[in-house]
2 protein chains.
Amino acid sequence: MATESERIHRYLEDKLDECRVEDVETRLSELDMLQSTARSERVESDLAVLSTLGNETRYRLARVLADADGELCVCELNAVVDVSESAISHALSDLREAGLVNRRKNGRWRNYEATPVASAVIDALDEVHHDE
Amino acid sequence: MATESERIHRYLEDKLDECRVEDVETRLSELDMLQSTARSERVESDLAVLSTLGNETRYRLARVLADADGELCVCELNAVVDVSESAISHALSDLREAGLVNRRKNGRWRNYEATPVASAVIDALDEVHHDE
DNA sequence: TATTTATTTGAATGTTTCTTCAATTAATAG
DNA sequence: CTATTAATTGAAGAAACATTCAAATAAATA
């Protein structure tokens, strides 16, 4: 990456005026360390969590379950989201695979509840926006 | 939705054995209240945040910016993510649109920094997983 | 002023994703 | 045991997405 380090070299030179002296190698390794703090299993699971919640059907299901006081039956979730039963089932299955909900069998009913991961992400979004 | 309320009716009947008496109308309105606590502007912005972060390129950029001590130049971000410059630029533009990063112009360099929203979501994911 | 440089933009394209329909499974009721 | 019911599964098609290449913009330098 000759061209890339050259560009960073020029950038750091420019920055000298307003900042301290740095060495390109040092900077590159700093950046590499920053990047590698994200362990790859964590990246994978975070991406699953985020992309799974980033769909309206799944987001609404997760939010209702997180706000609900305990578990809800699929039949109740049907009343909450306006897509086919099949779509809800697919959505719940995706949420489960991402570790965002747990399922409990109860005869022919199935009850779902939000996991702490789902609650944590939703709470974080609520809190950071609470002043709006 | 005659069929839907019938199903909920049967579900609540089943639940009587292990729970208290409830009325279908009441339950449906409880569910509706649960669902409507999610104000629609908030849903939209949460979905933008989550789906934007749910892509590896954008997630890695956001995480590095959140972990970095202040802003980083695009030229530095190039060293951190392994896609074309164009892809990085598109990714940063998406992150900006979702309110996850801010941009500062500095001559021909562009510096980006994570917003509190980005930090909050990433922190939440880190915290909920800290025991793994 | 002409050239180089850093970044962005837009079009193109292959891939992924979301939803639905139809069929299936598993539990219960008749 | 047959039928009904609750939920799931898989296939299919349309829509949305992510990345790249090529071209454009804007700042700085020669």
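Quick caveat: nothing in here was measured; it's all calculated off a predicted structure. Below, chains carry the letters A, B, ... as their sequence lines are ordered, and counting in each starts from 1.
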- Who are the side-chain contact (heavy atoms from CB on, under 4.5 Å) partners of A:E44, not counting sequence neighbours? none
- Pairing residues for B:A87 by the side-chain contact (heavy atoms from CB on, under 4.5 Å) criterion, not counting sequence neighbours: B:V83, B:S84
- Task: Report the distance from atom CD1 of B:I8 to atom P of D:dA7, rounded to the nearest whole Å.
- Result: 10 Å
- Item | Distance below 4.0 Å between B:R10 side-chain N/O and C:dA29 OP1 or OP2 | no
- Message: According to side-chain contact (heavy atoms from CB on, under 4.5 Å), who are the partners of A:A118, at least two apart in sequence or on a separate chain?
- Response: A:L100, A:A114, A:T115
- Separation of C:dT7 atom C1' from B:R96 atom CZ, nearest Å, is 12 Å
- Check every atom of C:dT8, D:dA6, C:dT7 against the side chain of B:R103 and return the nucleotide holding the closest atom. C:dT8
- CG of B:L12 versus P of D:dA6: gap in Å, rounded? 12 Å
- Query: Checking A:S36 side chain against A:M33 main chain: does a donor-acceptor pair fall under 3.5 Å?
  - Reply: yes
- Message: Working note: A:Y11 + B:N111, criterion side chain to side chain donor-acceptor pair (under 3.5 Å); need CA distance, chi angles, decisive distance, verdict.
- Response: CA-CA 11 Å; A:Y11 175 63; B:N111 294 288; 2.8 Å; yes
- Can you tell me if B:D23 uses its side chain to pair, donor with acceptor, with the backbone of B:T26 under 3.5 Å? yes
- Item | Euclidean distance, atom CG of residue A:L72 to atom C1' of D:dA6 [Å, nearest integer] | 16 Å
- Message: Nearest whole Å is fine: how far is D:dC17 P from B:L47 CG?
- Response: 11 Å
- Are OP1 or OP2 of D:dA18 and a side-chain N or O of B:Y59 less than 4.0 angstrom apart? no
- Note on the structure: Rounded to whole Å, the CD-P distance (B:E97 to D:dA18) equals 12 Å
- Hey, does the side chain of A:Y11 come within less than 4.0 Å of C:dT7's phosphate (OP1/OP2), counting only N and O? no
- Over how many whole Å does the gap from B:L53 atom CG to D:dC17 atom P extend? 15 Å
- Message: Whole angstroms only, please: what is the NZ-C1' distance between B:K15 and D:dA6?
- Response: 16 Å
- What does nucleotides 16-23 of chain C look like as a protein-contact string, B for base, S for sugar-phosphate only, - for none, at under 4.0 angstrom between heavy atoms? --SSBB--
- Message: According to side chain to side chain donor-acceptor pair (under 3.5 Å), who are the partners of B:N55, at least two apart in sequence or on a separate chain?
- Response: none
- How far does CG of A:L77 sit from OG1 of A:T57, to the nearest 0.5 angstrom? 12.0 Å
- Message: Does a side-chain N or O of A:R7 approach OP1 or OP2 of C:dT5 to a distance below 4.0 Å, or not?
- Response: no
- Query: Does a salt bridge link B:E30 with B:R27, judged by any charged N lying under 4.0 Å from a carboxylate O?
  - Reply: yes
Report all interatomic pairs (protein N or O, nucleotide N or O of nucleotides 27-30 of chain D) with separations under 3.5 Å.
none

